[in-house]
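In this chain, numbering begins with 1 at the start of the sequence shown.
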Amino acid sequence: MTGLINFANNILWGYVLIYLLLGVGIYFTIRTGFIQIRHFGHMFSILKNSHKSDKSGISSFQALCTSLAARVGTGNLTGVAIALTAGGPGAIFWMWVVTIIGMATSLIESTLAQLYKTKDDEGNYRGGPAYYMTKGLNMRWMGVLFAIFLIIAFGLVFNAVQANSIAQAAASAFNFDPLYVGIGLVVMSGFIIFGGLRWIARVAELVVPIMAIAYLLLAFWVVADHFERLPEVFMLIFKSAFGLQEAAAGAIGYGISQAMTQGIQRGLFSNEAGMGSAPNAAASATPYPPHPASQGYIQMLGVFMDTLVICSATAVIILSSGVLDNYQDGINGIQLTQLALSSTVGGWGSTFIAVAIFFFAFTSIIANYAYAESNMIFLGRNHMTGLFLLRSAVLAMVMFGALAEMPLVWKMADLSMGLMAVTNLIAIILLSGVALKLIKDYNQQRQAGVLPTFNIHQYPELQNDIEQGIWDKEPLPNEPLVRCEKVRQ
């Protein structure tokens with residue numbers, strides 16, 4: 001079993017996905033004129049009114065927090081450590097690269113998710129790649145394929161990964177039995193996921209900002225304590241990325257190819273740009289400004305915050321601590337991050353990481369379920385029995401993950417993630433013309449100094465593909481016409 005998974009991962013990541021992922025990201029970056037750099041400030045300014053919502057959708061801020069809940073998890077703590085030990089410090093550079101170009105990919109996929117969203121039987125917005133594959137491409141078979149991949153990946157495998165990291169961290173910090181950790185996770189996760197999407201969004205809105213700020217404050221403390229090593233750390237990252245020197249002593253350096261592979265794998269697992277996961281949260285929002293592209297900007301910000309901010313903080317903690325200088329094969333994943341922090345702040349550092357990984361990974365579990373739920377609903381309207389079975393399977397995988405060996409779980413995650421990403425990347429390439437047209441319309445309205453508002457009647461070629469009642473409703477009578485900042489040329 002392990003050998004077959006290894007073979008599939010080698011083909012998928014070594015010959016297919018890396019080049020497809022980078023190629024698509026570069027293509028969208030060029031087609032949008034490096035929009036992630038030119039409009040960097042707009043990603044933050046759009047948050048000012050991101051708490052608006054209606055009875056059909058969650059707010060843009062809740063959608064951002066839900067997607068961050070899924071993104072900010074083991075990839076930020078365990079994944080970065082794995083990238084460093086398996087690919088050397090140069091892997092961090094390639095994480096940065098895939099994040100910057102991935103921001104443009106995220107803009108495209110989330111804009112499409114908003115455009116082609118629908119309403120479920122309870123009147124809530126639902127959408128994502130499976131929906132825009134069906135409505136935009138008229139390829140329901142492709143949407144079904146993607147939905148199955150996502151349910152397997154996020155609903156099952158990824159949640160096992162998150163539970164695995166929580167159990168390891170708890171065992172290392174508190175000597176807790178993984179069995180009891182797994183039981184506790186099942187109870188807590190079940191309480192929230194049975195409450196549905198809006199309950200998940202409320203929990204994410206409350207927990208995600210607090211946990212991210214707390215972790216970053218600790219990272220700044222570590223950076224300040226090792227400030228004199230920062231130039232050395234960044235020089236090591238850049239030199240290792242291009243093979244200018246061997247990886248840090250004790251780290252497993254496989255050269256440029258291995259650094260690229262590990263950095264891109266872990267970067268994609270963490271920020272999920274192009275994977276097709278975050279669009280499921282993006283589609284559930286009532287966007288403000290009321291235009292599909294505005295949610296694209298919000299999710300582009302999520303990619304930046306996840307990897308260029310939080311993952312980089314973990315990398316600096318590990319590299320500045322010097323633990324890789326005496327790396328031992330028996331230490332990996334979350335244990336390495338705990339060791340690095342403890343060497344700086346003392347014994348409570350391991351405890352802090354255990355608590356942080358709990359919140360990071362736990363919120364990922366419930367957000368991952370939300371993605372799976374939207375795709376289960378896509379597969380069939382009469383979904384109550386299906387949802388109960390999905391929730392039961394999710395909780396079973398949480399228990400499995402708490403007791404399983406980490407290497408096998410991570411390899412399963414890489415395979416399922418790769419299949420999802422390939423399917424989604426093909427779809428957004430085929431629909432890129434539509435997304436680029438909407439982004440252009442959004443920014444032309446910004447340039448005119450008015451609130452960007454999507455008018456479906458200006459796009460007669462799209463009207464038959466859009467669900468009635470989603471974008472053809474009249475503006476709210478009390479909606480203020482807020483003037484937006486003009487686009488900088």
Side chains of [X] and [Y]: does their closest heavy-atom pair fall under 4.5 Å?
X	Y	value
Q463	Q468	no
Y215	I317	yes
Y131	K117	no
T111	Q295	no
I58	T286	no

Identify the heavy atoms of [X] and [Y] that sit nearest to each other, and give their distance.
X	Y	value
V181	A167	CG1-CA, 3.9 Å
W471	L115	NE1-O, 3.2 Å
A113	A283	O-CB, 3.5 Å
S432	F28	CB-CE2, 3.4 Å
I439	I108	CD1-CD1, 3.7 Å
N280	P129	ND2-CD, 3.9 Å

Any donor-acceptor pair under 3.5 Å linking the side-chain atoms of [Y] with those of [X]?
X	Y	result
N443	Q447	no
W96	S312	yes
S59	Y288	no

So does H42 get a backbone contact from the side chain of S45, meaning a donor-acceptor N/O pair under 3.5 Å?
yes
Just by distance, do the side chain of N164 and the backbone of G401 share a donor-acceptor pair under 3.5 Å?
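Flag set: sc N164 to bb G401 pair under 3.5 Å.
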If you count heavy atoms of other groups shown closer than 6.0 angstrom to CH2 of W199, is the number above 12?
no
Enclosure of F191 CZ (heavy-atom neighbours >12, cutoff 6.0 Å):
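Result for CZ/F191: open.
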Return the set of residues passing ring pair (Phe, Tyr, Trp, His ring centres under 6.0 Å) with [X] (not counting sequence neighbours), or none when no residue passes.
X	result
Y369	none
F358	F362
F40	F44, F304

Test of ring centre spacing under 6.0 Å for Y442 and Y297
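Yes - the distance between ring centres of Y442 and Y297 falls below the 6.0 Å cut-off.
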Could you list the donor-acceptor pairs under 3.5 angstrom formed by side chains in residues 135-156, with sequence neighbours left out?
unit_1, atom_1, unit_2, atom_2, d
R140, NH2, F378, O, 3.4

Applying side-chain contact (heavy atoms from CB on, under 4.5 Å), run through T29 and I100 and close with a yes or a no.
CA-CA 9 Å; T29 296; I100 293 173; over 6 Å; no
Sequence neighbours excluded, every pair satisfying salt bridge (charged side-chain N to carboxylate O under 4.0 Å, His left out) that has a member inside residues 96-105
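The answer is none; no pair qualifies.
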Please collect all salt bridge (charged side-chain N to carboxylate O under 4.0 Å, His left out) contacts where either partner lies in residues 89-108, sequence neighbours excluded, each pair once.
none
Identify every side-chain donor-acceptor pair in residues 202-209 under 3.5 Å, counting partners at least two apart or on other chains, and give the distances.
unit_1, atom_1, unit_2, atom_2, d
E205, OE1, Q62, NE2, 3.1

How long is the span from the CD1 atom in I237 to the CE atom in M95, to the nearest 0.5 Å?
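Reported to 0.5 Å precision, the distance equals 10.5 Å.
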side-chain hydrogen bond (donor to acceptor under 3.5 Å, both in side chains) partners of [X], counting only residues at least two apart:
X	value
T105	none
S294	none
S67	R71, Q299

For a quick test of your reading: what N or O donor-acceptor pairs under 3.5 Å do the side chains of residues 420-429 make, sequence neighbours left out?
unit_1, atom_1, unit_2, atom_2, d
T423, OG1, L419, O, 3.0
N424, OD1, Y132, OH, 2.6
N424, ND2, E109, OE1, 2.9
N424, ND2, G274, O, 2.8

Salt bridge check: are E373 and R126 linked by an N-O gap of less than 4.0 Å?
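Yes, E373 and R126 are salt-bridged.
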Using the test salt bridge (Lys or Arg N to Asp or Glu O under 4.0 Å), find all partners of K437 that sit at least two apart in sequence or belong to another chain.
E461
